[in-house]
Each structure stands twice: as C-alpha cells, then as structure tokens.
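What follows is a set of notes on a single structure, which appears directly below.
All heavy atoms count here, side chains included; hydrogens, waters and symmetry mates do not.
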Amino acid sequence: MGISFVRLWSLVIAIELICPLACHAADKNRIIALVEEDVITEADVEAYWHSWLQDPEQPIPKELDPSQARRLALRQLIEERLLLQEAKRSGVTVTTEEVLNRVKQLEQQAGSEAAFRESLKKAGLSPESLKERLRQQLMVQQLIDQRVRSTIIVSPYEVATAVKENPNLASGEERIRTAHILIRIDQKRSEKEALQLAESLHQKLEEGADFAELAQRYSEEPQAAQGGELGWVKPAELLSELDESLFKLQEGEYSKPVRTQLGVHLLKALERESDTKLSPQEVNQAASRKLYQQKFQEAMARLIKELGERAYIEVVTDL
C-alpha cells in the first residue's frame, strides 16, 4: 500500500501531462468523493491514473478497461486519504531531513537539478508543494510501519510448510532487464507524428545508434535519464501490448514501434534469464517473501476496513 517511488515521480509527470488539457477545465475540478474533510476531484483521479499507467512496478490488471481502472484509482486514493488522516491523528511526524533526502532522490532520477526544476515548473508544482506531498507520503509509510509491518512474523515452520506445499518454488521465473523509449501522443504531437518519430528512431537503431543515448535524448518518461532502463521485468508486469512485444525479443534485440494508450514505445531486451534452478536458501527466501506479502496484504486490508468503518466517505459523482 502507498505510492511506490516510481509512482511518486510519475505522478509529478502525470500532473504535467493533464494540466494543459484538464486542470483549467471546470469539469476536472468537480468533486468526485469526500473523505472526512478531504475532497477528491476528477483531476486528482486522472493524475493518479496516469501515474499508475507509467509505473512498471504496479501495472494495471489487464482485465480492467479504462473506466474500471479509474474507479480502482479512486478507491486507492480514498484509502491513501484514510491512512494520511490516521497518521495525523496518531501524531506521526516526519523530519525535514527525511523530506530533503527524498527530494534529492527525485532530483537524481530527473538527471539534473535543472531538469528537475523544469519538470516541477511545467507541472505547476513549487518545491514547497512537492515537499508537502513527500512529507505526507512519508507519514503514511511510517504509519504502515507501526501498524502493519511491525506486527508481521513469518516463522521457520511456516516457511518449511510453504516450501513443502509448493515444489514449483524451485523454478525461477523468466525475466528480462529492459530499456524503454516512450514518444507521447498529446495536444502537442499527433499520433501520426509520434509514429513517424518512433520509426525514425527505429531506423537509427538499425543503423547502429545506441539505445541508451536515444532514450536520454528523446524518451518522455521518468527513466530517460538512465538510458530508459526499467530494470528486470517479468511477464504481465507491463501493459499487455508491451508485454507481448518484449517477451518475443532475444537478449540485445529491440522492438519495432509499439502503440499503447500512453503513446508509441520502443523496447530493448538488455539481458534475459529463464528457468534458473534456485538453491534451497533462495527457495526459502522466496517462500518467506510470499508469506510476508500475503500477511501484509491481509493486515493492510484489516486496517483500511477499520479506518473506513469509522470515517465519513461519500462518492459524489460516478466516474
């Protein structure tokens, strides 16, 4: 639970993307839901949903259409407001140093201080408003540490039982270390123009251009400064169109342009691993992680249910 680090930076970018079209439109400021004294607007939901689309760590389930995904985004926004309100009631505090450390991490992700400040400027965020967002996120994380993570224990007996009941744990999953270029389709660039640019970049790759250099120069996503690297990706972790294209690639290969709801993409398989046999220690670690995650999700669900039952929540407008 809570916004992942990739999601947080993506949220800044998402606000930048939707503001030219939405933030000045009256219907985007309409109230969607009330959570105690907090208001959630349509613009809040749109920004959250767009940030979710860009987060490789938390992909949208394939079976959801955009309308269903927005409703799920609203539900998660409500849950985050409940957690933040509880953190405030519980007296959770965050130091200035902790906030500044997060700011520094985001600045490093942007590639330079100038690029970082330009992104904030385009998003309509001041350094102080970003710090407040980060402070709130850290408060929620601290609450979860206190109320959830500190209560979870995975015993050696539970691990041994899980290993015995799940012999497939010894087989590792196929995964690809992936790099990515995104050319967005927006009010400044038509679909035709985005496809033409992506195809020209694909031609440059055919002629021997370096993928990382093209990503740094042309890609319009948070990982561009790192050569477009997304890290290790497993099946079903990306948008379905990207997933289908990526897992056809051999190590070192790159894809043709791929169209999604975000824009036009190029993918490269930097490394590929499949079906490696895990050691007994790695099997135990995998079982322990799985059990921990199950217990974490159950404990989070209980906490959210408890907070929701105590709070005033009203969904004013259907999405």
Exam field: side chain Glu193 to backbone Ser190, donor-acceptor pair closer than 3.5 Å | yes
Okay, side chain of Thr161, backbone of Val159: is any donor-acceptor separation there less than 3.5 Å?
-> no
Compute whether any side-chain donor of one residue and acceptor of the other, for Ser200 and Gln203, lie under 3.5 angstrom apart.
-> no
So, the side chain of Asn166 versus the backbone of Ala162: is there a donor-acceptor pair under 3.5 Å, distance only?
-> yes
Do Gln297 side-chain atoms and Gln294 backbone N/O form a donor-acceptor pair below 3.5 Å?
-> no
Quick one: do Val103 and Leu134 satisfy side-chain contact (heavy atoms from CB on, under 4.5 Å)? Show the steps, please.
-> CA-CA 8 Å; Val103 173; Leu134 292 170; 3.4 Å; yes
Please round to the nearest 0.5 Å and tell me the distance separating atom CG of Leu77 and atom CG of Leu72.
-> 10.0 Å
For Gln285, all residues meeting side chain to side chain donor-acceptor pair (under 3.5 Å), sequence neighbours excluded | none
Can Ser155 and Glu158 be counted as having a side-chain donor-acceptor contact under 3.5 angstrom?
-> yes
Are the side chain of Glu244 and the backbone of Glu241 linked by a donor-acceptor contact shorter than 3.5 Å?
-> no
Say whether Glu128 and Ser126, considering side chains only, have a donor N or O and an acceptor N or O under 3.5 Å apart.
-> no
State plainly whether the residues Arg184 and Glu220 are in salt-bridge range, i.e. N to O under 4.0 Å.
-> no
Check the hydrophobic clustering (I, L, V, M, F, W, Y; side-chain heavy atoms under 4.5 Å; chains of links allowed) and say if Leu266 and Tyr254 are grouped together.
-> yes
Are the side chain of Ser255 and the backbone of Leu267 linked by a donor-acceptor contact shorter than 3.5 Å?
-> yes
Look at the side chain of Arg175 and the backbone N and O of Pro235, then say whether any donor-acceptor pair between them is shorter than 3.5 Å.
-> no
Inter-residue atom distance Gln146.CD - Gln141.CD, 0.5 Å rounding | 12.5 Å
Are any of the side-chain heavy atoms of Glu229 and Phe211 separated by less than 4.5 Å?
-> no
Closest non-hydrogen contact found for Ile78 with Ala33 is CD1-CB, 4.3 Å
Working for side-chain contact (heavy atoms from CB on, under 4.5 Å), residues Glu98 and Thr96 = CA-CA 5 Å; Glu98 290 174 300; Thr96 301; over 6 Å; no
Would you call Glu191 and Arg259 a salt bridge, taking side-chain N to carboxylate O under 4.0 Å as the test?
-> yes
Is a side-chain donor-acceptor pair under 3.5 Å present for Ser90 with Arg147?
-> yes
For Asp210, the salt bridge (charged side-chain N to carboxylate O under 4.0 Å, His left out) test, sequence neighbours excluded, returns none
Residues Glu251, Arg272: salt bridge by 4.0 Å N-O rule = no
Side-chain ion pair, Glu107 and Arg117, N-O less than 4.0 Å = no
Does one side chain, of Glu314 or Tyr312, offer a donor that lies under 3.5 Å from an acceptor on the other?
-> yes
Any side-chain heavy atom of Leu182 sitting closer than 4.5 Å to one from Tyr218?
-> no
Any donor-acceptor pair under 3.5 Å from Gln85 side chain to Val35 backbone | yes
Does one hydrophobic cluster hold both Leu84 and Leu34, with members joined at side-chain heavy-atom distances below 4.5 Å?
-> no
What pairs meet the salt bridge (charged side-chain N to carboxylate O under 4.0 Å, His left out) rule with one or both residues in residues 297-311, with sequence neighbours excluded?
-> Glu86-Arg310, Lys305-Glu309, Glu306-Arg310
Does Gln216 offer a backbone N or O that forms a donor-acceptor pair with the side chain of Ser219 under 3.5 Å?
-> no
